[in-house]
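Here is the structure we will look at.
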2 protein chains.
Amino acid sequence: MAKRGEKTRQKILDSAEKLFAKRGYHGVTIRQITEDAKVDTALANYHFGSKRNLFDAVLLRRAEELNKVRLEKLEEIEAAAENGVASLEDIIDAFSHPLLDRSERGGPGWKSYFALIAQINNSPEWGGKLMTEYFDPLVRRFIAALKRALPEAREEDIYWSYHFFSGALVLTYAETGRIDNLSDGKVHSSDLDAVQLRMPPFIAAGFRRLCETGGAKN
Amino acid sequence: MAKRGEKTRQKILDSAEKLFAKRGYHGVTIRQITEDAKVDTALANYHFGSKRNLFDAVLLRRAEELNKVRLEKLEEIEAAAENGVASLEDIIDAFSHPLLDRSERGGPGWKSYFALIAQINNSPEWGGKLMTEYFDPLVRRFIAALKRALPEAREEDIYWSYHFFSGALVLTYAETGRIDNLSDGKVHSSDLDAVQLRMPPFIAAGFRRLCETGGAKN
DNA sequence: AATGAAATTCAATGAACGTTGAAATAAGTT
DNA sequence: AACTTATTTCAACGTTCATTGAATTTCATT
């Protein structure tokens, strides 16, 4: 049974997740993490080997569940479609709903996790490499579904459309509060239910405009 | 004449911009910056007071030009429209083109600057506060134009649509190379001309779907 | 050439960094 | 209860951090 130090491990992971999300990898020290977790400083290195390994462990912990549930959702809607080809709106929802739902209702750990992913995603230091490492297979599976939903589309238009979609989604779960300021409180970045309502139609319309009607030329 | 130390100041700003863009505020040291700029370590503090002030100076240097040219472009297209109401596509282009154009053709300094903005934008540490500080007045002006272009829209739909637009744009000039990986080289994140062609139709279609046709309910 | 302010160099500050090895403690196995 | 291994504690390692004060150099103006 590998359970003696498991509680400590999880406490360190929780604190690391929270603090990395707030200030980024370089903005947080091992001492801050272990102090927040109320464990000895040396335990972070004992359990994870190095600060960098701890960072990877934080990312990996929730990535697996996330990839699993998103894939299941995609397969589900494809199975429900009579011809096996899911609708654009359903694909977009299957891609984004598991994320927004966990950020909204999964507890503070999930919220921190997504805030961290949002930072990593837009940084040249981690963006290309880490995101590819953790999420590439799943994204490729979704892009295949998108291609089937838009059989006439040119490949580049699919990729750019996905890119726009991805940017909109990532900024959403970054939850920086910027839109709260801009709208003078009329809209709240934490209202992810409002996003779940609006993202599929918005993004699907963009996809169709770009991928169905000859795209950029019109 | 305030020019004796100006060359040094600019060299420090250039190196700071480059390195902050690569590794973020906390991931860069004053020593790395001054070494890259080939000036003495103490000069960063002499000219800028503190590391944090240097960071702000980097952000401010190009923000002013950026806000100026984007506002001019918006006023230009509004003046050209017969009723003073610019088209959705034109507004979107006026908002994004000055950024993408400078990132593509403005030299490495501009490219670094946008990469830095992309990181800041998605981080809770800086995102809400700094972006608001440097870009709020301009964005509010654009949102006013969007409201005129979509007179029947509900305000929340405008804000959320702008939010999606903003996320797509920011990820674009982050240029993390992720889409290069995903597309196996069929699409390049550095090909901002391809984005300029596709972003206005994609985003405009999303706006219309959300803001014209009753939005989320359909 | 002399003056004085601005700019630069140099050396050093105390604080904080990630990491480590040895000692102490806790828990599972015999 | 004795033994063994995993975990935790404690103190310290050497390095690097942002910042600073004093000395030196540079340069425009006399």
Side-chain angles (χ1 to χ4, degrees), chain A residues 1-61 112 116 119-120 123 125-126 129-130, chain B residues 1-61 112 116 119-120 123 125-126 129-130:
Chain A
M1 191 84 26
K3 251 214 186 134
R4 268 236 271 148
E6 192 53 28
K7 197 144 106 183
T8 304
R9 257 186 68 98
Q10 293 299 326
K11 281 203 297 181
I12 294 172
L13 281 172
D14 289 341
S15 293
E17 184 174 63
K18 181 173 84 179
L19 294 173
F20 283 146
K22 274 200 191 130
R23 325 223 310 135
Y25 178 77
H26 301 290
V28 177
T29 70
I30 293 282
R31 288 177 157 83
Q32 291 171 325
I33 291 168
T34 50
E35 185 187 357
D36 185 90
K38 299 189 207 311
V39 301
D40 189 271
T41 306
L43 284 173
N45 282 289
Y46 173 76
H47 283 286
F48 297 95
S50 69
K51 184 186 178 186
R52 179 53 208 269
N53 281 357
L54 170 57
F55 188 60
D56 282 327
V58 167
L59 293 179
L60 185 60
R61 180 166 60 151
S112 291
L116 177 56
Q119 282 182 79
I120 289 173
S123 107
E125 187 177 10
W126 317 105
K129 179 95 171 49
L130 280 189
Chain B
M1 190 83 28
K3 248 208 188 144
R4 267 236 270 149
E6 192 55 26
K7 198 144 105 185
T8 304
R9 256 186 69 97
Q10 294 299 327
K11 282 203 294 181
I12 294 172
L13 281 172
D14 289 341
S15 293
E17 185 174 62
K18 180 173 84 180
L19 294 173
F20 282 147
K22 273 199 194 130
R23 325 224 310 137
Y25 178 77
H26 301 289
V28 178
T29 70
I30 293 282
R31 286 177 155 82
Q32 292 171 323
I33 292 169
T34 50
E35 186 187 356
D36 185 89
K38 300 190 206 314
V39 301
D40 190 271
T41 307
L43 284 173
N45 282 288
Y46 174 76
H47 283 286
F48 298 95
S50 69
K51 183 184 178 185
R52 180 53 208 269
N53 282 358
L54 170 57
F55 189 61
D56 281 327
V58 167
L59 293 179
L60 186 60
R61 180 166 59 152
S112 291
L116 176 55
Q119 281 181 81
I120 289 173
S123 107
E125 186 177 11
W126 318 105
K129 180 96 171 46
L130 279 188

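None of these values were measured; they are calculated from a predicted model. Quick note: numbers below take in every heavy atom, side chains included, and nothing from hydrogens, waters or symmetry partners. First the proteins, then the strands, lettered A, B, ... as listed; each starts at 1.
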Closest to the side chain of A:I30, out of C:dT9, C:dA6, C:dT19, is C:dT19
Of the candidates C:dT19, D:dA18, D:dT8, the side chain of B:K51 sits closest to D:dA18
When rounded to whole Å, the CZ to C1' distance for the pair A:F48 and C:dT20 reads 18 Å
Need one value for B:A44: base, sugar-phosphate or nothing, where a base atom within 4.0 Å counts as base even if backbone is also close, heavy atoms only. nothing
When rounded to whole Å, the CG to C1' distance for the pair A:L43 and C:dT19 reads 13 Å
### Message
Atom NZ of residue position A:K11 - does it have more than 12 heavy atoms of other residues, nucleotides or ligands inside 6.0 Å?
### Response
yes
From NZ of A:K38 across to C1' of D:dT7 the rounded distance in Å is 20 Å
From OH of B:Y46 across to C1' of D:dT20 the rounded distance in Å is 14 Å
Of A:T41, A:L13, A:V28, the one forming a side-chain contact (heavy atoms from CB on, under 4.5 Å) with A:I33 is A:V28
Taken to the nearest whole Å, NZ/A:K11 to C1'/D:dT7 is 13 Å
CG of B:D36 to CG of B:L19, rounded to nearest 0.5 Å, is 5.0 Å
Nearest-nucleotide check on DNA chain C, B:A42 vs A:V28; residue mapping nearer the 5' end is B:A42
In whole angstroms, the gap separating C1' of C:dT19 from CD1 of A:I33 amounts to 14 Å
TODO: Can you check whether any acceptor in the base of C:dA16 is under 3.5 Å from a donor in the side chain of A:R31, or vice versa?
DONE: no
Winner on side-chain proximity to A:D40, out of D:dT9, D:dC17, C:dC17, is D:dT9
When A:Q32 and A:G49 are each assigned the nearest nucleotide of DNA chain C, the 5'-most assignment goes to A:Q32
Exercise. Are OP1 or OP2 of D:dC10 and a side-chain N or O of A:T41 less than 4.0 angstrom apart?
Worked result: no
Original post:
How are the rings of B:W126 and B:Y25 set to each other: parallel, tilted or perpendicular (split at 30° and 60°)?
Top reply: perpendicular
So does A:R31 get a backbone contact from the side chain of A:T34, meaning a donor-acceptor N/O pair under 3.5 Å? yes
Rounded to whole Å, the NE2-C1' distance (A:H47 to D:dT9) equals 12 Å
Next on the checklist: Taking only side-chain N and O atoms of B:N45, does any of them lie within less than 4.0 angstrom of OP1 or OP2 on D:dA18?
Outcome noted: no
